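So that the names make sense, note that chain A is the first sequence line, chain B the second, and so on, each numbered from 1. These numbers come from a predicted model, not from an experiment.
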Amino acid sequence: MSESHETPDAFEATRTEKLRRIESLGLDPWGGRFDNALPIARIRDLPADLPEEQRPQVRAAGRIILRRIAGKIHWLEIQDWSGQRTRRAMKSKEHAGTEDDAWSSYVQVMIGQKQVGEQGWALAQEFDLGDIVGVDGTFGKTKTGELTIFATKLHPLGKSLLPHPDKVKGMQDIEYRLRHRYLDLLYTPETLERTLSRVRIIRAIRNYLDGLGFVEVETPTLHAIAGGAAARPFITHHNALDIKLYLRIALELHLKRLLVGGIEKVFEIGRVFRNEGISPKHNPEFTMMELYQAYGDYRVMMDITEGLIVACVKLLTAGKSELKLPYGERLIDYTPPFRRASYAELFREHVGVTIDDADGVRVAAEATGFPTAGKHHDVLVHYLFEEKVEDKLAGPVFVHDYPASLCPLTKRKAGNPNIAERFELYIDGMELANAYTELNDPITQEATFRQQLAGLPEEDSMAKMDEDFVRALKHGMPPAGGLGVGIDRLVMLLTNTQTIRDVILFPLLRSQ
RNA sequence: GGAGGCGUAGCUCAGUCGGUAGAGCAACGGACUUUUAAUCCGUAGGUCCUGGGUUCGAGCCCCAGCGCCUUCACCA
């Protein structure tokens, strides 16, 4: 790839020469602080039909995305990030009547030889697609009606020494887009839109939780024991202490320590790392939101989850009366209340046998070809649920009351020690949220840590003894509800994105 | 990790039966003071992912490797 060549190729050499020519005009091609530029979207809102003498004076800064040269006039289109994607009508003879995706934050610039002076005109000769320029001028319309800044002065603000993607076709190659995300943001409108939506969604979550009195904290990402979830961790090493460390796989155990410490409503939005496979739904590092509320339980968490998601959906459906957003082929209805159904209920609905029917469950599992020998009943149940139920949960649906053996960090349901007070929220077959009535009994906790589930290898179970955490519980943790939400998947769902790599700006790729 | 697909100019893509490597855009030179994905004339640009093999001859066929995509497994 040309970026990695030590000797600049012909393209770069030509543009470096232009750079020198700009310098020889007494200008800095890289510019500097540039005050008082109006966002282009705002400029486009200014009155444009005034007589020439009354046109407003404006200053803009942006990237050159289109350049047309007609002798002693140059036409530029410059773009900044201030707008939203719109369809614009094409005006050329060849494409008249068709439309094109564009940012409403582009604006045409007219550079006339007589209007910009000798130095400005000389500078304009050195412009290229991809350059960043500042423009002073008056704002109005050309005689063909195009919103235009009629330039009186030009300011070089940054040269592009490498060629940009095709001005029409943009970027199609997925790998190229991921490895050059900065170009993807410029030339694929959806990429910037999704990025900004993600920011707004996360801000909406913060605002919502702040309104409920939760406080946000930051806990360590380097753990001596990677607990709180069932996943393989990344392993690293601290040189000075000469100790093995793990990148965290969950936020849970530290946040619960904070419950012990009297922080009664606490949450964290943070990166967690799982050394597992990569897929359209899995990136090795991803963002989790976990929250804990003292004196709450999983029913409280259900209400918070629903409120939180509805708050996000309202943000994205602003102005519309219905809380519906498309995802793929489906239109998902987020109107509360979401359906609530127990694990056993859904199991019977989709598997066809009741959950306590040991023989029935075994037969059903064997019918799918699953090796059942030596497997605990609950392992078979869990397998069947994942195999036959999860994908069918169009949702939004809260699946609650899980078999207790699957949830070692969860409090048992009062009066039924085999049921854990836990729910997961499913939307379009995706697990979006996971919540518990947390276990605050250190004796049970310690025993559960030690207990191994029949048929599960050690690294796949959550039974990782964390003595420091148990010691914390022994000082007294209030009963609490806890909730975890996969932020990336939530953003996927709400922005109608099919792959996690498009809601993460820089997903992991093999280095080249 | 398994299976399948893809990899050609800076970008987007053609490339027939195995027979001299193509287009549009971008770039370079020229014309043009109202263009709209400007237009017109001209020029240059290639490790056809890499390495082997078959063949008189390979972008194309075979083998191996690398990267990406899809899917399965693991996981959220």
Nearest to the side chain of A:Met90, heavy atoms from C-beta on, is which of B:rA37, B:rA38, B:rG10?
B:rA37
Separation of atom CD in A:Gln172 from atom P in B:rG10, rounded to whole Å
18 Å
Is a donor-acceptor contact shorter than 3.5 angstrom present between the side chain of A:Glu146 and the base of B:rU34?
no
Within the 4.0 Å heavy-atom criterion, would you say A:Phe286 contacts the bases, only the backbone, or no part of the nucleic acid?
base
Quick check on B:rU35: is either OP1 or OP2 less than 4.0 Å from any side-chain nitrogen or oxygen of A:Arg68?
no
Among B:rU34, B:rA76, B:rU12, which nucleotide has an atom closest to any side-chain atom of A:Ile500?
B:rA76
Counting only side-chain heavy atoms from C-beta out, which of B:rC25, B:rC68, B:rA27 sits nearest to A:Leu509?
B:rC68
May I have the distance from A:Gln125 (atom CD) to B:rA31 (atom P), rounded to whole angstrom?
11 Å
Look at A:Arg15 together with A:Glu12 and state whether they make a salt bridge at an N to O cut-off of under 4.0 Å.
no
Mind checking A:Glu276 for me? I need base, sugar-phosphate or nothing, with any heavy atom below 4.0 Å counting as a touch.
base
Choosing from B:rU33, B:rA37, B:rC11, which nucleotide comes nearest the side chain of A:Lys72?
B:rU33
How are the rings of A:His164 and A:Tyr187 set to each other: parallel, tilted or perpendicular (split at 30° and 60°)?
perpendicular
With the six-membered base ring of B:rA38 as reference, does the ring of A:Trp75 sit under 5.5 Å away with planes under 30° apart?
no
Please state whether the phosphate of B:rC28, meaning OP1 or OP2, lies under 4.0 angstrom from any side-chain nitrogen or oxygen of A:Lys18.
yes
Side-chain contact check for A:Asp128: nearest option of B:rA37, B:rG10, B:rC28 is B:rC28
Both distances under 3.5 Å, Watson-Crick or G-U wobble: report the partner of B:rA9, or none.
none
Answer with base, sugar-phosphate or nothing: what part of the nucleic acid does A:Asp173 contact at a heavy-atom distance below 4.0 Å?
sugar-phosphate
Less than 3.5 Å between a donor and an acceptor, one on the side chain of A:Thr142 and one on the base of B:rU35, is that the case here?
yes
Closest listed nucleotide, where the reference is the side chain of A:Arg232 and the choices are B:rA76, B:rA27, B:rC74:
B:rC74
C1' atoms of B:rG30 and B:rC17, separation to the nearest Å
44 Å
Under 4.0 Å between a side-chain nitrogen and a carboxylate oxygen: does that hold for A:Glu438 and A:Arg422?
no
I want to check one thing: is the phosphate of B:rA38, taken as OP1 and OP2, less than 4.0 Å away from some side-chain N or O of A:Ser92?
no
Select one nucleotide: of B:rU33, B:rA38, B:rU12, the one nearest the side-chain heavy atoms of A:Lys114.
B:rU33
Mind checking if A:Ile69 touches a base, just sugar-phosphate, or nothing, with heavy atoms under 4.0 Å?
base
Sequence neighbours left out, what passes ring pair (Phe, Tyr, Trp, His ring centres under 6.0 Å) with A:Tyr383? Give chain and number order.
A:Phe370
Of the listed nucleotides B:rU12, B:rA38, B:rU33, the one nearest the side chain of A:Asp166
B:rU12
Between B:rU33, B:rA76, B:rC28, which nucleotide has the shortest distance from any of its atoms to the side chain of A:Thr14?
B:rC28
Are A:Phe267 and A:Tyr292 close enough that their ring centers fall under 6.0 Å?
no
With a non-hydrogen cut-off below 4.0 angstrom, is A:Arg179 in contact with a base, only sugar-phosphate, or nothing?
sugar-phosphate
Considering only B:rU33, B:rA76, B:rC25, which nucleotide approaches the side chain of A:Lys167 most closely?
B:rC25
Pi-cation contact, A:Phe150 with A:Arg55 (under 6.0 Å, within 45°):
yes
